[in-house]
Q: 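Here you go, one structure.
We name chains A, B, ... by the order of the sequence lines, and we start the count at 1 in each one.
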2 protein chains.
Amino acid sequence: MEHVAARAGVSRALVSIVFRGVPGASEATRERVLAAARELDYRPDTRASRLGSSRTRTLGVTFSVGHAFHGDLLESLYTHADAAAYELVLSGVTPSRSEEAAVETLLAERCEGIVLLGSSQSTAQLTRLAGRVPVVSVLRPSSVEDVGVVRTDDGAGLRLAVEHLRSLGHTRIALLDGGRTAGGAERRRGYRTAVRRLPALSEIVLPGGLSELEGAAAALAFLDLSPRERPSAVAAFNDRCAIGFIDVVRQHGLRVPDDVSVVGFDDITEAGYPHVALTTVRQDAEQLGVEAVRALADRLDGSAATAPARVVIQPELVVRSSTARPSEVESPRPRPDLS
Amino acid sequence: MEHVAARAGVSRALVSIVFRGVPGASEATRERVLAAARELDYRPDTRASRLGSSRTRTLGVTFSVGHAFHGDLLESLYTHADAAAYELVLSGVTPSRSEEAAVETLLAERCEGIVLLGSSQSTAQLTRLAGRVPVVSVLRPSSVEDVGVVRTDDGAGLRLAVEHLRSLGHTRIALLDGGRTAGGAERRRGYRTAVRRLPALSEIVLPGGLSELEGAAAALAFLDLSPRERPSAVAAFNDRCAIGFIDVVRQHGLRVPDDVSVVGFDDITEAGYPHVALTTVRQDAEQLGVEAVRALADRLDGSAATAPARVVIQPELVVRSSTARPSEVESPRPRPDLS
DNA sequence: GATCTGGACTAGAGCGCTCTAGTTCTGGCT
DNA sequence: AGCCAGAACTAGAGCGCTCTAGTCCAGATC
């Protein structure tokens, strides 16, 4: 910085002014400084600038490395943090690096706010964290008052899925359950509500989970059922679970959607591939990112100490080719309008 | 820090000594300081410590968000950077955030070294970057002299795949090509070498790519071939491509491995799932991570200014259930030992 | 011509650490 | 007692920025 200032014939303070883009420098000087910086290949040291200023304008994000949907969210977060003049600091969660450790490094970086993607921290941990710094939990609801929540209406998503299947004529609709993972409880609840509300449905819950592996296991359980008790449709916890399920039932000679209809959740990129063409409940990654940034930015920049945001985004059903009317065997009375 | 020092009844310098874990404090004081810090919920500010010390002991990593294999690599990098007493700073590459931008933020953080996962930067860009800071390119070779390279022997990997298929009796073995992506050229070369070296093989290259989508497209091209000219086995650019291919050929009534054998590349987690059981060429993420950290740590810590590392890790064939002997139609002479 | 105004610029004190060059204290040895 | 080594601890100057409180000066106002 010293060198740039000398080269441009100004003080260090002026260089700072130019690089922060604040008013206080004439156009001519601005260009002279920028030119000098370019020649010297100088770029401001973010560590030092964060130290010097009272604000770090930095948002920390914990995410699971290799998780496809988290990738989509990160993309959105990058874009909107940038627009709100915040920088993102990423901290990955891996099997050997806990979410707590990830959060710890973010705190040590003095991030002004923290975004947790699919957090699995306990209420106690979240409470403690939220006491230190504004926190928003994305994808996973939390009862902690100080924690902002930005999520999809998981319950509504499952209701959409079940209603879609029911409207096609299915009466035996199973849930491939997500258990204790982020959103699992809400989706299960949504499924139950829909099953109760709609006529002629009974509740069938098969253990599922986050990945293809659990979907495949659920398919085995499904195939073990006698054809009489076998559901004609399933709503999976997520797309990957649905894909694993479909893979296995197909390998056992069943056709999708002819023999069994399947709907997923998330709308990951793969679900839209023509050869997959999965009917699914779409979570809007873009929107979730927007709201997460907004939730923190509002609290940080806002004059009023607003309460933490609680944003619930409505999901949308995307109908592709993994769902259809049940085959004759399933629907007792032959329909006249089969065409 | 001030407060902690006061509470423990020592100077700030002592607190620094304790937190850096360097000798110079008695056991009693050490515990007193730690206790005081715990009570005050204090943790050192990494920005400030990096600023104060001459070394930042920080390694920057660019990676594609949502890329499964990059996730595996990150996990390994985290572990081994930690062991070498380095911190990791992640910078994600997304469709809207270029690798250049990602690198730029790492430079501004004053990382001491940079790890590029699957870089797609030009030689010119890499040359410029390597002039500023030690760089190691993981997964993608580079002719730039100053850039360290840690990669799998992609060529050998494809030779393994082809040899495996040939030894099963296949003579029409196609490559689902990866084009210009990281490793694409080397794998193509390995395929060609193997095809030339082994008897009775001819070269069949179908356009493939990084994802299931390209695999699916390749499958369509494959199915368009007349049964006579149709290969009995394919070596795919990677696992995801292989999975897309398998999906589509199965949907068209072909059986894998009975009608066509398929081998992938990478050994992503999914490949090992029982319902997928993909025969594949395994890249050792753990080892790649170890070597990437070592390559940088050696240059940074080493007294001698060693030349950048060029590490090539040998891949390993993992045989699962997507490969088998060709069916009768394919092998002209009936074998006596079919059992 | 004196006064005022506002834009352009600078001096220098932080920010929260690290680290060198000390000082002080303890205990062992002659 | 006198001396000394080494462990334990401290003072204070950075690190590369930011930011407040200025200074300086050209031009407008009366």
Side-chain angles (χ1 to χ4, degrees), chain A residues 1-34 36-37 40-58 85-87 89 104-112 132-133, chain B residues 1-34 36-37 40-58 85-87 89 104-112 132-133:
Chain A
M1 188 179 198
E2 188 87 45
H3 299 151
V4 174
R7 188 171 193 115
V10 297
S11 69
R12 296 180 308 112
L14 225 318
V15 177
S16 171
I17 286 172
V18 170
F19 271 97
R20 278 177 298 141
V22 298
S26 68
E27 201 47 49
T29 320
R30 209 169 276 275
E31 286 187 0
R32 209 145 33 85
V33 168
L34 257 16
L40 295 175
D41 201 9
Y42 162 87
R43 85 203 68 215
D45 185 330
T46 49
R47 303 165 306 165
S49 37
R50 285 178 195 159
L51 229 205
S53 89
S54 51
R55 302 277 314 262
T56 62
R57 297 210 69 88
T58 278
Y86 281 93
E87 257 176 86
V89 173
E104 204 60 32
T105 72
L106 294 178
L107 289 176
E109 292 276 357
R110 298 296 188 268
C111 293
E112 295 186 9
R132 291 185 59 93
V133 62
Chain B
M1 188 178 196
E2 188 88 46
H3 300 151
V4 174
R7 187 173 194 113
V10 296
S11 68
R12 296 180 310 114
L14 225 322
V15 177
S16 171
I17 286 172
V18 170
F19 270 96
R20 279 177 296 142
V22 298
S26 68
E27 201 46 50
T29 320
R30 209 169 276 276
E31 286 187 1
R32 211 146 29 84
V33 169
L34 257 17
L40 296 175
D41 200 8
Y42 161 86
R43 82 204 72 215
D45 185 330
T46 48
R47 304 164 306 164
S49 40
R50 284 177 196 158
L51 229 204
S53 86
S54 51
R55 303 276 314 261
T56 63
R57 298 210 68 89
T58 278
Y86 280 93
E87 255 176 85
V89 173
E104 202 62 29
T105 73
L106 294 178
L107 289 175
E109 291 276 357
R110 298 295 189 267
C111 293
E112 295 186 8
R132 289 185 60 94
V133 63

Q: If you measure from the Lys or Arg side-chain nitrogens to the Asp or Glu carboxylate oxygens, is any gap between A:Arg50 and A:Glu112 under 4.0 Å?
A: no
Q: For B:Gly24 and for B:Ala48, locate the closest nucleotide of DNA chain D by heavy-atom distance; then report the residue assigned to the nucleotide nearer the 5' terminus.
A: B:Gly24
Q: Within this structure, what is the CZ-to-C1' distance between B:Arg12 and D:dG12, rounded to whole angstrom?
A: 8 Å
Q: Mind checking if A:Ala13 touches a base, just sugar-phosphate, or nothing, with heavy atoms under 4.0 Å?
A: base
Q: Is it the case that the side chain of A:Arg132 and the backbone of B:Asp41 share a donor-acceptor pair, with hydrogens and angles ignored and the cut-off at 3.5 Å?
A: yes
Q: Could you check whether A:Phe19 gets within reach of a base, just the sugar-phosphate, or nothing at all, counting any heavy atom under 4.0 Å?
A: nothing
Q: Check the phosphate of D:dT10 against B:Ser11, side-chain N and O only, distance under 4.0 Å to OP1 or OP2. Yes or no?
A: yes
Q: What integer distance in Å separates B:Glu2:CD from C:dG16:P?
A: 10 Å
Q: Report yes if at least one side-chain N or O of A:Ser53 is closer than 4.0 Å to OP1 or OP2 of D:dC17; otherwise report no.
A: no
Q: Taking only the side-chain nitrogens and oxygens of A:Arg20, find out if one of them lies under 4.0 Å from OP1 or OP2 of D:dC19.
A: yes
Q: How long is the line joining CG of A:Leu51 and P of D:dG16, in whole Å?
A: 12 Å
Q: Would you kindly give the CG-to-C1' distance between B:Leu14 and D:dG12, to the nearest whole Å?
A: 15 Å
Q: Look at B:Ser26 and D:dC9 and indicate whether a side-chain polar atom (N or O) is within less than 4.0 Å of OP1 or OP2.
A: yes
Q: In whole angstroms, how far is the C1' atom of D:dC9 from the CZ atom of B:Arg30?
A: 12 Å
Q: How close do A:Val4 and A:Val33 get, counting heavy atoms only, and between which atoms?
A: CG1-O, 3.9 Å
Q: Atom CZ of A:Arg47 and atom C1' of C:dG16: how far apart are they, to the nearest Å?
A: 13 Å
Q: To the nearest Å, how far apart are B:Glu27 CD and D:dC9 C1'?
A: 16 Å
Q: Rounded to whole angstroms, how far apart are CE on A:Met1 and C1' on C:dT10?
A: 12 Å
Q: For D:dC17, does OP1 or OP2 lie under 4.0 Å from any side-chain N or O of B:Arg110?
A: yes
Q: Classify the nucleic acid contact of B:Val15 as base, sugar-phosphate or nothing, counting any heavy atom under 4.0 Å across all strands shown.
A: nothing
Q: Contact class for A:Thr46 (heavy atom, under 4.0 Å): base, sugar-phosphate, or nothing?
A: nothing
Q: Looking at A:Cys111 and A:Thr58, what are the two nearest heavy atoms and their distance?
A: SG-CG2, 3.4 Å
Q: Counting distance only, does the side-chain N/O of B:Arg12 pair as donor-acceptor with the main-chain N or O of B:Met1 below 3.5 Å?
A: no
Q: Closer to the 5' end of DNA chain D via nearest nucleotide, is it B:Ile17 or A:Arg55?
A: B:Ile17
